[in-house]
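Everything below concerns the one structure shown next.
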Amino acid sequence: MKTSLRLTSLALFMAAAMTASAQEGKPWIHDPSTIMQCDGKYYTFGTGGGGLISEDGWNWYPGAERPGGGAAPDAMKIGGRYLVAYSSTGGGLGGGHAGRILTMWNRTLDPKSPDFGFTEPVEVASSEVDEDCDAIDAGLFMDPTTGRLWCTYGTYFGFIRIVELDPQTGARVEGNEAVNIAIDCEATTVIWRNGWYYLLGTHGTCCDGVNSTYNIVVGRSRNVTGPYLDNMGRDMIAGGGKMVVDAADRQFGAGHFGRYVEDEGVEKMSFHWEADLDRGGRSVLAIRPLLWENDWPVAGEAFTSGVYEISSVRRGYALELAVDFVRHDIPRSRWWEASDEPIASYPNQTLEEVKDTWPEGEIPARIGDWMNRPHQRWTVTAVPEAGGYLGGQYYKIQIEGTDRVLAAAKDAEVTVAPSFTGAAEQLWRIEQLTDGTFRIMPKEVPGTERQYVLTSIADSTPTLAEYDFNSDNCKWKFIRK
């Protein structure tokens with residue numbers, strides 16, 4: 001449930017999409033809060049008390065601390081402090097709907113810091129045993145247009161409600177009355193983009209492992225208190241909601257949305273899988289790209305290893321090794337004349353046919369017409385020992401069937417090295433952008449600490465330059481072969 005202010009046809013740009021995997025390490029969690037960054041580390045809290053910490057955003061381990069226990073926390077940074085909301089009861093526990101939403105502050109999320117220490121919790125909402133709402137599943141939202149702070153809460157047992165909080169104290173604004181905004185969902189939060197408020201909620205059945213039908217849906221409104229309508233105009237107060245993400249091939253029960261804005265056009269969504277078959281059926285943290293199509297949020301997919309054409313959005317030309325073009329040795333027929341001769345089927349040009357014409361050592365990179373030739377086919381492979389970044393791991397990008405790898409070079413240039421050494425300049429961060437395209441970023445660029453991305457500065461010239469989401473020069477497509 002959660003949001004943090006810090007992510008053409010999608011089918012075309014998502015040709016590389018495969019089943020999303022959970023994060024590495026020990027990412028066991030249920031009902032994760034919005035991912036927060038604190039002193040260079042990432043944090044998320046879950047039901048029951050603790051939470052996870054990550055040094056790089058890819059490998060997650062237990063270690064985050066949150067007092068109070070309870071269920072389904074959320075967190076956000078306001079000024080120099082962190083506000084955490086959680087529910088002490090609710091969810092129909094004990095057969096009733098009694099519950100409380102509480103908030104508390106901390107100056108840091110690092111439990112080893114001398115500044116670590118939560119304030120006493122303050123109750124901001126509650127529900128009675130026989131009420132048509134459960135005070136559980138808090139979702140925090142700071143309105144960027146007004147500076148007002150809001151909290152959504154509620155479950156399937158009744159209404160989803162929104163109430164205003166004081167951003168200075170975390171307490172409920174005196175006299176503020178909760179507003180009903182949805183039904184048939186839980187684990188809600190509000191986010192804002194392009195003049196719209198979006199209410200994301202988790203629909204389906206919870207807490208039944210691989211049999212959980214949890215999925216995340218959305219509606220939008222011009223007002224923070226609604227009404228929230230889906231893509232068909234159905235009000236979420238009447239059960240509407242457009243799908244954002246549901247089950248994958250090996251993971252089931254997507255719930256508790258969180259948004260992390262990393263850069264302009266680079267957004268991530270976090271949630272949990274109720275069950276991951278590849279992780280013993282455990283509930284695990286998941287992070288995917290967050291895309292936007294026609295002003296609606298869409299879940300992207302985790303990038304996966306494979307053989308690809310890598311083409312520039314600038315012109316549509318393909319990234320390639322800068323070598324002489326070797327003509328295909330196939331006779332050209334007089335195709336306009338009728339013939340009774342059998343039709344031959346010829347193979348594609350092979351690496352064995354052309355590799356001896358390539359120079360030894362380092363070779364420049366180039367961009368050219370896609371011809372499905374060996375110097376244009378790239379094998380992209382994850383390098384687990386290289387660590388990762390939020391929601392992804394580093395990759396090596398090499399000419400298929402060879403040791404030659406794409407590498408960052410001095411003076412912010414790009415080249416193809418003769419072999420993979422594991423050096424930082426040969427490791428690449430591949431992130432899907434909000435429009436479905438990708439940015440490709442080297443882990444390091446020799447001679448500078450600045451971050452650059454693979455860029456097409458001319459139709460046939462790749463280089464490294466500063467990222468600009470508004471320029472197609474920085475955008476690429478991965479087309480699986």
Side-chain angles (χ1 to χ4, degrees), residues 1-7 31-37 43-45 72-79 81-87 101-105 122-125 133 135-155 159-173 176-182 185-202 216-229 236-237 241-242 244 255-262 267-271 290 292 295-297:
M1 50 177 95
K2 334 297 176 183
T3 179
S4 171
L5 293 180
R6 251 314 269 186
L7 201 31
D31 307 334
S33 67
T34 302
I35 291 174
M36 291 282 105
Q37 193 173 36
Y43 294 80
T44 183
F45 302 101
D74 197 15
M76 73 181 313
K77 188 175 184 180
I78 301 177
R81 298 183 299 165
Y82 296 87
L83 180 65
V84 175
Y86 68 100
S87 49
I101 302 293
L102 302 107
T103 63
M104 54 188 178
W105 296 91
V122 174
E123 182 180 307
V124 297
C133 174
I136 192 175
D137 286 6
L140 297 171
F141 168 65
M142 177 73 79
D143 189 335
T145 69
T146 65
R148 295 168 71 179
L149 178 64
W150 300 86
C151 178
T152 58
Y153 63 93
T155 70
F159 290 105
I160 301 300
R161 291 176 176 168
I162 188 169
V163 65
E164 186 174 2
L165 307 183
D166 185 331
Q168 300 299 318
T169 66
R172 183 169 177 163
V173 170
N176 181 257
E177 295 294 331
V179 177
N180 296 331
I181 55 174
C185 62
E186 55 194 27
T188 56
T189 196
V190 174
I191 63 176
W192 185 90
R193 184 180 184 272
N194 284 354
W196 290 100
Y197 297 92
Y198 295 85
L199 177 65
L200 292 109
T202 305
I216 297 172
V217 299
V218 64
R220 68 186 184 186
S221 175
R222 293 296 187 183
N223 299 299
V224 69
T225 54
Y228 286 93
L229 309 182
M236 292 184 74
I237 200 72
K242 180 182 186 295
V244 177
H256 288 254
F257 172 91
R259 180 192 188 197
Y260 189 101
V261 180
E262 187 170 331
E267 301 188 17
K268 309 291 173 67
M269 60 173 286
S270 62
F271 56 99
L290 178 58
W292 291 88
D295 272 333
W296 288 100

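Count residues from 1 along the sequence.
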With sequence neighbours excluded, residues passing ring-ring contact (aromatic ring centres under 6.0 Å, His included) with F271: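 Once residues adjacent in sequence are excluded, the partners of F271 under the ring-ring contact (aromatic ring centres under 6.0 Å, His included) criterion are W273.
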Counting N and O atoms only, with roles assigned by atom type, does the side chain of [X] sit under 3.5 Å from a partner on the main chain of [Y], one being a donor and the other an acceptor?
X    : Y    : result
W192 : M142 : no
S87  : A135 : no
S33  : T44  : no

Going from [atom1] on [X] to [atom2] on [Y], what distance comes out if it is rounded to the nearest 0.5 angstrom?
X    : Y    : atom1 : atom2 : value
Y86  : T103 : OH    : OG1   : 9.0 Å
T202 : I216 : OG1   : CD1   : 5.0 Å
L200 : R220 : CG    : CZ    : 12.5 Å
R81  : M76  : CZ    : CE    : 12.5 Å
T188 : Y228 : OG1   : OH    : 9.5 Å
Y153 : I162 : OH    : CD1   : 10.0 Å

Of all heavy-atom pairs between [X] and [Y], which one has the smallest distance, and what is that distance?
X    : Y    : answer
V84  : A75  : CG2-CB, 4.1 Å
M36  : K77  : SD-N, 3.5 Å
G195 : R222 : O-NH1, 3.0 Å
A125 : R172 : CA-NH1, 4.0 Å

Using the salt bridge (charged side-chain N to carboxylate O under 4.0 Å, His left out) criterion, which residues pair with R148? Sequence neighbours excluded. E164
Who pairs with R161 by salt bridge (charged side-chain N to carboxylate O under 4.0 Å, His left out), at least two apart in sequence or on another chain?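 Partners of R161 under the salt bridge (charged side-chain N to carboxylate O under 4.0 Å, His left out) test: E131, D132.
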Under the ring pair (Phe, Tyr, Trp, His ring centres under 6.0 Å) rule, what do W150 and Y197 come out as? Steps first, then yes or no, please. CA-CA 12 Å; W150 300 86; Y197 297 92; 8.8 Å; no
Evaluate F257 against V218 for side chain to side chain contact (heavy atoms under 4.5 Å, CB included), listing each step before the verdict. CA-CA 10 Å; F257 172 91; V218 64; over 6 Å; no
Donor + acceptor pair across side chains of S221, N223 (<3.5 Å):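 No, no side-chain donor-acceptor contact under 3.5 Å.
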Scan side-chain atoms only and decide if T34 and D74 contain a donor-acceptor pair under the 3.5 Å cut-off.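 Result is yes, a qualifying pair exists.
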Would you sort out whether L83 and L149 count as a side chain to side chain contact (heavy atoms under 4.5 Å, CB included), showing the intermediate values? CA-CA 11 Å; L83 180 65; L149 178 64; 3.8 Å; yes
Among all residues two or more places apart in sequence or in another chain, which pass the side chain to side chain contact (heavy atoms under 4.5 Å, CB included) test with A182?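 With neighbours one apart ignored, the set is I160, C185, L199, M236.
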Only counting residues at least two apart or in another chain, list the ones meeting side-chain hydrogen bond (donor to acceptor under 3.5 Å, both in side chains) with Y82. none
Not counting sequence neighbours, which residues clear side-chain hydrogen bond (donor to acceptor under 3.5 Å, both in side chains) with N194? List them please.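 N194: side-chain hydrogen bond (donor to acceptor under 3.5 Å, both in side chains) contacts with D295.
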Can you name the one residue among V122, L140, V173 that meets side-chain contact (heavy atoms from CB on, under 4.5 Å) with L165?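 Of the listed options, the one satisfying the test is L140.
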